[in-house]
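Single-structure report; data block below.
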Amino acid sequence: QVQLVESGGGLVQAGGSLRLSCAASGRTFSGYGVGWFRQAPGKEREFVTNINWSGRFIYYADSVKGRFTISRDNAKNTVYLQMNSMKPEDTAVYYCAAGCGGSSCREEALYDYWGQGTQVTVSS
């Protein structure tokens, strides 16, 4: 079992930055791909970005490409999401997920473990 805990959410003005962390405990997740998803009020959860176990393969949703950066530190069992140039439409609950074994993992069903989510609010 892998337990995931997100942190770093909060309130930021448009154009600002936040860095989210996804810390894993229990079984190490260095062999797992990790993704970030988000769910805005009244909308379905959507893919944001993912990184494979080695960090070699990274994919982004078009809506965040060029503004968000995912990275991982397997020694710390942590994955990060650096969010820059944030927009009000980035407002959502952000979830990290682990378990995908492939390179491009955009579908929720590919992940075995999920965190509880962290709220990100971008004011205009």
Determine, using the 4.5 Å side-chain heavy-atom cutoff (strictly less than), whether [X] and [Y] are members of one ILVMFWY cluster.
{"X": "Val79", "Y": "Tyr113", "answer": "yes"}
{"X": "Val48", "Y": "Met86", "answer": "yes"}
{"X": "Tyr94", "Y": "Leu110", "answer": "no"}
{"X": "Leu20", "Y": "Val93", "answer": "no"}

Are any non-hydrogen side-chain atoms of [X] and [Y] less than 4.5 angstrom apart?
{"X": "Ser63", "Y": "Arg38", "result": "yes"}
{"X": "Phe68", "Y": "Thr49", "result": "no"}
{"X": "Tyr95", "Y": "Leu4", "result": "no"}

Kindly determine whether Met83 and Val122 satisfy side chain to side chain contact (heavy atoms under 4.5 Å, CB included), including the steps that lead there.
CA-CA 11 Å; Met83 304 184 292; Val122 185; over 6 Å; no
Which atom pair, heavy atoms only, marks the closest approach of [X] to [Y]?
{"X": "Thr78", "Y": "Lys76", "value": "OG1-O, 2.8 Å"}
{"X": "Ser124", "Y": "Ala14", "value": "CA-CB, 4.4 Å"}
{"X": "Gly99", "Y": "Tyr32", "value": "CA-CD2, 3.5 Å"}
{"X": "Val2", "Y": "Ala24", "value": "CG1-CB, 4.0 Å"}
{"X": "Cys22", "Y": "Trp36", "value": "CB-CZ2, 3.6 Å"}

Please determine whether ring-ring contact (aromatic ring centres under 6.0 Å, His included) holds for the pair Phe37 and Tyr111, giving the CA-CA distance in whole Å, both sets of side-chain angles, and the decisive distance to 0.1 Å.
CA-CA 11 Å; Phe37 292 77; Tyr111 294 88; 5.4 Å; yes
Is a donor on one side and an acceptor on the other found under 3.5 Å between the side chain of [X] and the backbone of [Y]?
{"X": "Arg106", "Y": "Phe47", "value": "no"}
{"X": "Glu6", "Y": "Gln116", "value": "yes"}
{"X": "Asn52", "Y": "Gly55", "value": "yes"}
{"X": "Tyr60", "Y": "Ile70", "value": "yes"}

Could you list the cluster mates of Val5? Members are the ILVMFWY residues connected by side-chain heavy atoms closer than 4.5 Å, either directly or through other members.
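Under the 4.5 Å side-chain rule, Val5 groups with nothing.
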Pairing residues for Ser25 by the side-chain contact (heavy atoms from CB on, under 4.5 Å) criterion, not counting sequence neighbours
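Counting only residues at least two positions away or on another chain, Ser25 forms a side-chain contact (heavy atoms from CB on, under 4.5 Å) with Gln3.
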Start with the C-alpha distance between Lys87 and Asp90, add both sets of side-chain angles, then the distance that settles salt bridge (charged side-chain N to carboxylate O under 4.0 Å, His left out), and finish with yes or no.
CA-CA 5 Å; Lys87 305 175 181 180; Asp90 294 322; over 6 Å; no
Which residue in the set Thr91, Leu18, Leu81 passes side-chain contact (heavy atoms from CB on, under 4.5 Å) when paired with Val120?
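Option passing the side-chain contact (heavy atoms from CB on, under 4.5 Å) with Val120: Leu18.
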Might you confirm whether atom CD of Gln82 has over 12 heavy atoms from other residues, nucleotides or ligands at distances under 6.0 Å?
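Yes, CD of Gln82 has more than 12 neighbouring heavy atoms, counting only those of other groups under 6.0 Å.
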